[in-house]
There are 2 protein chains.
Amino acid sequence: MAEAVNIKRLAQELNISIATVSKALNDSYEISLKTKNRVWNLAKELNYTPNPAASNLRSNKTKTIAVVIPCVANNFFSLSIKGIEEIARQYGYHVLIYQTHENIEAEITFTNSLLNGRVDGILTSVSSSEYNSEYYTKLVKKIPLVFFDRVYDNLDAVRVTTDDYEIAFQATEHLIEAGCTKIAYLFGLENLPAGKARFAGYQDALKAHGIAFIEQLVVKYHDDEESNLQQIKELLGNYKPDALFSSIEEFIIPAYCACRELDLQIPNHVKVLSFSNLSTAKLLNPSLTTISQPAFEIGREAAKCLFKILNNKQLDDEQDIILKSVLIKRESTGC
Amino acid sequence: MAEAVNIKRLAQELNISIATVSKALNDSYEISLKTKNRVWNLAKELNYTPNPAASNLRSNKTKTIAVVIPCVANNFFSLSIKGIEEIARQYGYHVLIYQTHENIEAEITFTNSLLNGRVDGILTSVSSSEYNSEYYTKLVKKIPLVFFDRVYDNLDAVRVTTDDYEIAFQATEHLIEAGCTKIAYLFGLENLPAGKARFAGYQDALKAHGIAFIEQLVVKYHDDEESNLQQIKELLGNYKPDALFSSIEEFIIPAYCACRELDLQIPNHVKVLSFSNLSTAKLLNPSLTTISQPAFEIGREAAKCLFKILNNKQLDDEQDIILKSVLIKRESTGC
DNA sequence: TTTAATTACGTAAACGTTTTCGCGTATCCG
DNA sequence: CGGATACGCGAAAACGTTTACGTAATTAAA
């Protein structure tokens, strides 16, 4: 609808060729500083900005990356995106967002739609519904891709994760030191390396302290809020655990609600601890002991890696970048 | 890096022209069903997807919209994005995200970068730092744009908002009915219509109940967390309000912390109420009375409006869509 | 002085689509 | 049977860039 200011227009007004204009705009060594300045000035004057479609088509560079995640309405992911965006801005890149809602089919549909040159690269935290290794094995060969937090193992791709095993081990020890001997585990991400690592950290910490692992104390996450609440209530009622270790943030509300409904006091009757990036954890009743992942830094780091790849910079040989989570002790575990 | 499957390739394999292939792919009436089926089958077989850049360049349609917001790491906005994305998927659109971090210059830079055909339209919730009416007056003439929640008034553009004035009035009445007479106001978004409406609702409710408005009971939001805490502490210490009415979520943590540090019990000594979409409001200590905006629906509604515009559908004459917020009474106001 | 190298710019093709226009064949009606 | 109509398809231009290559003028080297 505007008056179409493009390279041709600039060329006409300056009486030079469009090739010269293009090169000047891209600061090519072939063009004299004098000409460059004429072009730059006019471009600014006319508010010229290059047409991205034309530029993409010719150069095969989109200056765009995609972020494929389960959901933005989650503290971890929204913070990650914030980190990603910050880096993307530094590099002058645009950011597309795709939410899979934990649906692997949506995930595949989205990523497939990105392979035709829509983006230069992908950042993803995969869905937990299924572990489709074959698909990603092929995918990483077709487009630069960096996994963060929820990753696929054994692939030729960079992974940015946290010390899930170690921090889960440490958190479990914290519960044990607080006197707990019947620690229930609220199990999320069971199909993914992160979920498995957290669970292993929990199990190994029990073992290291001579506590038997009891299968009945494990509750697996369901998509449905109500059913999680029910499960936890049954767990609390039937097996009387003295602690709930939640491996994902989504269990917090049902866990707290279950305790209230059963008149169980936290932390007196049951201690609670959860992986979480809730900013209001310290304001909960009682304040919640959390394992806080460096979500913002994970986003930044993952984006940095992707841009290194896109700029053909050497990655510091390491394909795995592991950031440290932190255990923040609060009232829900008696601190 | 792949083996380049494009229209030309399809045309060669089927021994027809690229024009026919293109038309068949777009389900043109000019092409026989027989030919269409041949094309569709081969396209599926070869995993053909059209090159977006080429398509954009020629057709001036990007199938992409931009969302420009202050920050994704905020319950309201992340929920809005979720709603936007849902609608965008239905229409087969892609979604670009831009975070202004309340910086109007970033906002202008971003939106300007979208005017050269990168997107078909924009959804935005503007930054609170400044009210630059002149800029947006020009902008809405250049590209389809829908405002949501944080809008500009008196512009020829669709606005999706909530009943800020009414709900703030109602919330203030709730505090008054709970016995409060010295209700402090934590003032956010003061440059924007939403902020002004909320403040007006508060003031008018006071007036309606014969309570004098006291300037000293108003605290204005600062970017810096620590200074908000200090301000609230001074407010509580110097003027002894019996209620805090927060117009934005960002005041919740400093408000709660200030009360704790000053040993003021909520709701006994001071009642607290806030605009907020915190999912954990009911778990806070004490549980927080909130004005919850229908963030998800706002996102959906705004996106729907934009797509109506993009499809040249008649908008139901109304430029303003106003959704209802809901006051959820909890312990922090004595319920 | 001749030749080679460099500098500064232009020509034109190419990227993969969409779309206008036109053309031949088949169908229909009088 | 002649003319009009519709149908199905192809040729080619166009979208706005980037870039390989050519070229003329200038400078440096021999």
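In the text below, chain A, chain B and the rest are named by the order of the sequence lines, each starting its count at 1.
- When DNA chain C is scanned in the 5' to 3' direction for atoms under 4.0 Å from non-hydrogen atoms of chain A, the outermost contacting nucleotides are dA8(C) to dG16(C).
- Whole-Å rounding puts the Y29(B) OH to dA6(D) P distance at 11 Å.
- Following rounding to the nearest Å, K63(A) (NZ) and dT18(D) (P) show an atom-to-atom distance of 12 Å.
- In this structure, the NZ atom of K8(A) is 12 Å from the C1' atom of dT17(D), given to the nearest Å.
- No salt bridge links D120(B) with K63(B); every basic N to acidic carboxylate O contact stays at or beyond 4.0 Å.
- No N or O donor and acceptor, one from the side chain of K36(B) and one from the base of dG8(D), sit under 3.5 Å apart.
- Where N60(B) and S17(B) each meet DNA chain D at their nearest nucleotide, the meeting point lying more 5' is that of S17(B).
- T161(A) places no side-chain N or O within 3.5 Å of a backbone atom of D149(A) that could act as its donor or acceptor partner.
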Quick one: side chains of residues 99-107 of chain B, donor-acceptor pairs under 3.5 Å with protein atoms, not counting sequence neighbours, listed by atom name and distance.
residue: Q99(B); atom: OE1; partner: V72(B); partner atom: N; Å: 2.9
residue: T100(B); atom: OG1; partner: E102(B); partner atom: N; Å: 3.2
residue: E102(B); atom: OE1; partner: S128(B); partner atom: N; Å: 2.8
residue: E102(B); atom: OE1; partner: S128(B); partner atom: OG; Å: 2.9
residue: E102(B); atom: OE1; partner: R150(B); partner atom: NH1; Å: 2.9
residue: E102(B); atom: OE2; partner: R150(B); partner atom: NH1; Å: 3.3
residue: E102(B); atom: OE2; partner: R150(B); partner atom: NH2; Å: 3.0
residue: N103(B); atom: OD1; partner: E105(B); partner atom: N; Å: 2.8
residue: N103(B); atom: OD1; partner: A106(B); partner atom: N; Å: 3.4
residue: E107(B); atom: OE1; partner: S127(B); partner atom: N; Å: 2.8
residue: E107(B); atom: OE1; partner: S127(B); partner atom: OG; Å: 2.9
residue: E107(B); atom: OE2; partner: Y136(B); partner atom: OH; Å: 2.4

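- I18(B) places its CD1 atom 9 Å from the C1' atom of dA12(D), with the value rounded to the nearest Å.
- For the residue pair E130(B) and N191(B), no side-chain donor N or O sits within less than 3.5 Å of a side-chain acceptor on the partner.
- Residues L96(B) and V67(B) have side chains not in contact (no heavy-atom distance under 4.5 Å, counting atoms from C-beta outward).
- The distance from atom CG of L33(B) to atom P of dC9(D) is 10 Å, rounded to the nearest whole Å.
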Verdict with reasoning, E86(A) to K82(A), per salt bridge (Lys or Arg N to Asp or Glu O under 4.0 Å): CA-CA 6 Å; E86(A) 182 176 307; K82(A) 192 174 169 184; over 6 Å; no
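- As judged by a 4.0 angstrom heavy-atom cut-off over every strand, I16(A) is placed among residues touching the sugar-phosphate backbone only.
- For the OP1/OP2 pair of dT17(D) and a distance below 4.0 Å, the side-chain nitrogens and oxygens of S22(A) include no atom meeting the criterion.
- Distance I7(B) CD1 to dA11(D) C1': 15 Å, rounded to the nearest Å.
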Step-by-step side chain to side chain contact (heavy atoms under 4.5 Å, CB included) determination, T62(A) to R118(A): CA-CA 7 Å; T62(A) 65; R118(A) 186 173 291 276; 6.0 Å; no
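- Under the 4.5 Å side-chain criterion, counting only non-hydrogen atoms from C-beta, I298(B) is in contact with T162(B).
- Mapping R58(A) and E30(B) onto DNA chain C by nearest heavy atom places R58(A) closer to the 5' end of the strand.
- N74(B) has its side chain out of reach of I69(B): every pair of non-hydrogen atoms, C-beta onward, lies at least 4.5 Å apart.
- In this structure, D27(A) places its CG atom 15 Å from C1' of dT18(D), rounding to the nearest Å.
- Contacts with DNA chain C (heavy atom under 4.0 Å) in residues 48-56 of chain B: Y48(B), P50(B), N51(B), A54(B), S55(B), listed by number.
- A residue-by-residue look at S32(B) and S59(B) shows that S32(B) has its nearest nucleotide of DNA chain D further toward the 5' end.
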